[in-house]
Amino acid sequence: MSSRLVGVGVGPGDPELVTVKGVNALREADVVVVPVMDTGERGRAEATVLHYVPEEKVLRVVFALNERSDRGRREAAWDAAGGRVAELLKQHGSVAFATIGDPNVYSTFTYLAQTIAELVPGTVVETVPGITAMQDLAARSGAVLTEGTEPLTLVPVTAGATVLKEALAGPGTVVAYKFGRQAHEVAGALRETGRLADAVWGSALGLPEESIRPAAELDGAPLPYLSTLIAPARRDGGRGGKL
């Protein structure tokens, strides 16, 4: 029988936002892997998972989650993590990998699945969708992501503030992920494109340290790395104006 690797999206941090299907996948797996940084602190995925499965079923595997400059170190960490999960798949029939947000949206699971395909051929790879940070921030702030024919653009600011500025110059709502370390540049891009007034940002959504603020309050100070920004589309046509 083929081994099975399931990437489970556990949302942005609030345990109540894990889907019923996600909870079932975590509980049905023989082992639940959670990614951690080499600094060892408990991450959001692990904290969320522990609301639903016993600690003895959870295995921490180190990923270079915060490594962007040293590609060699990052890929070595991916290889080591993939090797560890490959060992688990050979010992167990089913392994779940918990990831914040959704496993198909900027997730470490993507790289793990590619590695496992090479190390353990024939492994069945599945994903269970999860609530994303932009959905949670929209709900908590009252920001509407899309109306009518509006496009929605998702930008990781790790790609550079220029990419964000280009998106803001276009139509529709723009969502920016991982912008905390470039908060000053992001505020500048919003001002230059006239998108500052209605924009909102949030971090640690659903957690005790949650912060949700108007983007106009951005003062250039660094924010948590996983901060999320929503700059809603310009809507001046009244109700249904974009239909």
Side-chain angles (χ1 to χ4, degrees), residues 7-14 16-19 21-22 44-45 99-111 127-207 210-218 223-243:
V8 181
V10 296
D14 183 347
E16 292 185 345
L17 291 181
V18 184
T19 66
K21 186 170 184 177
R44 291 190 198 179
T99 179
I100 59 171
D102 183 277
N104 293 305
V105 180
Y106 299 130
S107 170
T108 305
F109 181 75
T110 302
Y111 314 123
T127 57
V128 177
I131 300 295
T132 61
M134 64 178 169
Q135 292 170 288
D136 196 15
L137 179 56
R140 293 175 186 275
S141 67
V144 176
L145 288 171
T146 56
E147 289 185 3
T149 58
E150 295 172 353
L152 174 64
T153 304
L154 176 59
V155 177
V157 182
T158 49
T162 299
V163 176
L164 174 62
K165 191 180 299 185
E166 292 173 352
L168 290 168
T173 294
V174 175
V175 176
Y177 275 1
K178 305 177 182 179
F179 82 91
R181 295 174 186 170
Q182 294 174 271
H184 179 72
E185 291 89 340
V186 168
L190 289 166
R191 291 190 188 93
E192 288 180 35
T193 55
R195 303 289 291 271
L196 183 64
D198 297 326
V200 62
W201 70 269
S203 64
L205 302 175
L207 302 176
E210 173 181 282
S211 180
I212 297 175
R213 298 283 187 275
E217 295 182 7
L218 288 171
L223 301 175
Y225 174 68
L226 291 178
S227 295
T228 298
L229 173 86
I230 297 177
R234 299 180 179 89
R235 300 182 179 117
D236 51 13
R239 185 176 64 181
K242 296 292 184 70
L243 292 176

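Side chains included, hydrogens not; waters and symmetry mates left out as well; all remaining heavy atoms used.
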Please report the closest heavy-atom contact between [X] and [Y], naming both atoms and the distance.
X      : Y      : answer
Glu150 : Gly172 : CB-CA, 4.5 Å
Ala189 : Leu164 : CB-CD2, 4.5 Å
Pro103 : Gly130 : CD-N, 4.2 Å
Pro171 : Pro151 : O-CG, 3.7 Å
Ser141 : Ile212 : CB-CG2, 4.1 Å
Met134 : Leu145 : O-CD1, 4.1 Å

With a 3.5 Å distance limit and no angle check, can you tell me whether [X] reaches the backbone of [Y] through a side-chain donor-acceptor pair?
X      : Y      : value
Tyr177 : Thr158 : no
Glu217 : Pro214 : no
Arg44  : Pro12  : yes
Thr173 : Ala233 : yes
Arg195 : Pro232 : yes

**OP:** Only one of Pro224, Ser203, Ser227 passes side-chain contact (heavy atoms from CB on, under 4.5 Å) with Phe179; say which it is.
**Re:** Ser227
To the nearest 0.5 Å, how far apart are [atom1] in [X] and [atom2] in [Y]?
X      : Y      : atom1 : atom2 : answer
Phe109 : Asn104 : CZ    : CG    : 8.0 Å
Leu168 : Thr153 : CG    : OG1   : 9.0 Å
Leu205 : Asp136 : CG    : CG    : 5.0 Å
Tyr225 : Arg181 : OH    : CZ    : 6.0 Å

Original post:
Is atom OH of Tyr106 surrounded by more than 12 heavy atoms (other residues, nucleotides or ligands) closer than 6.0 Å?
Top reply: yes
Original post:
Does any non-hydrogen side-chain atom of Leu154 lie less than 4.5 Å from one of Thr132?
Top reply: no
Original post:
Heavy atoms, side chains only, cut-off 4.5 Å: are Leu190 and Leu229 in contact?
Top reply: yes
Subject >> Steps toward side chain to side chain contact (heavy atoms under 4.5 Å, CB included) verdict (Leu223, Arg213) >> reply: CA-CA 12 Å; Leu223 301 175; Arg213 298 283 187 275; over 6 Å; no
**OP:** Kindly determine whether Gln135 and Leu17 satisfy side chain to side chain contact (heavy atoms under 4.5 Å, CB included), including the steps that lead there.
**Re:** CA-CA 11 Å; Gln135 292 170 288; Leu17 291 181; over 6 Å; no
Subject >> Residues Ile100, Leu226; criterion side chain to side chain contact (heavy atoms under 4.5 Å, CB included); working and verdict >> reply: CA-CA 11 Å; Ile100 59 171; Leu226 291 178; 3.9 Å; yes
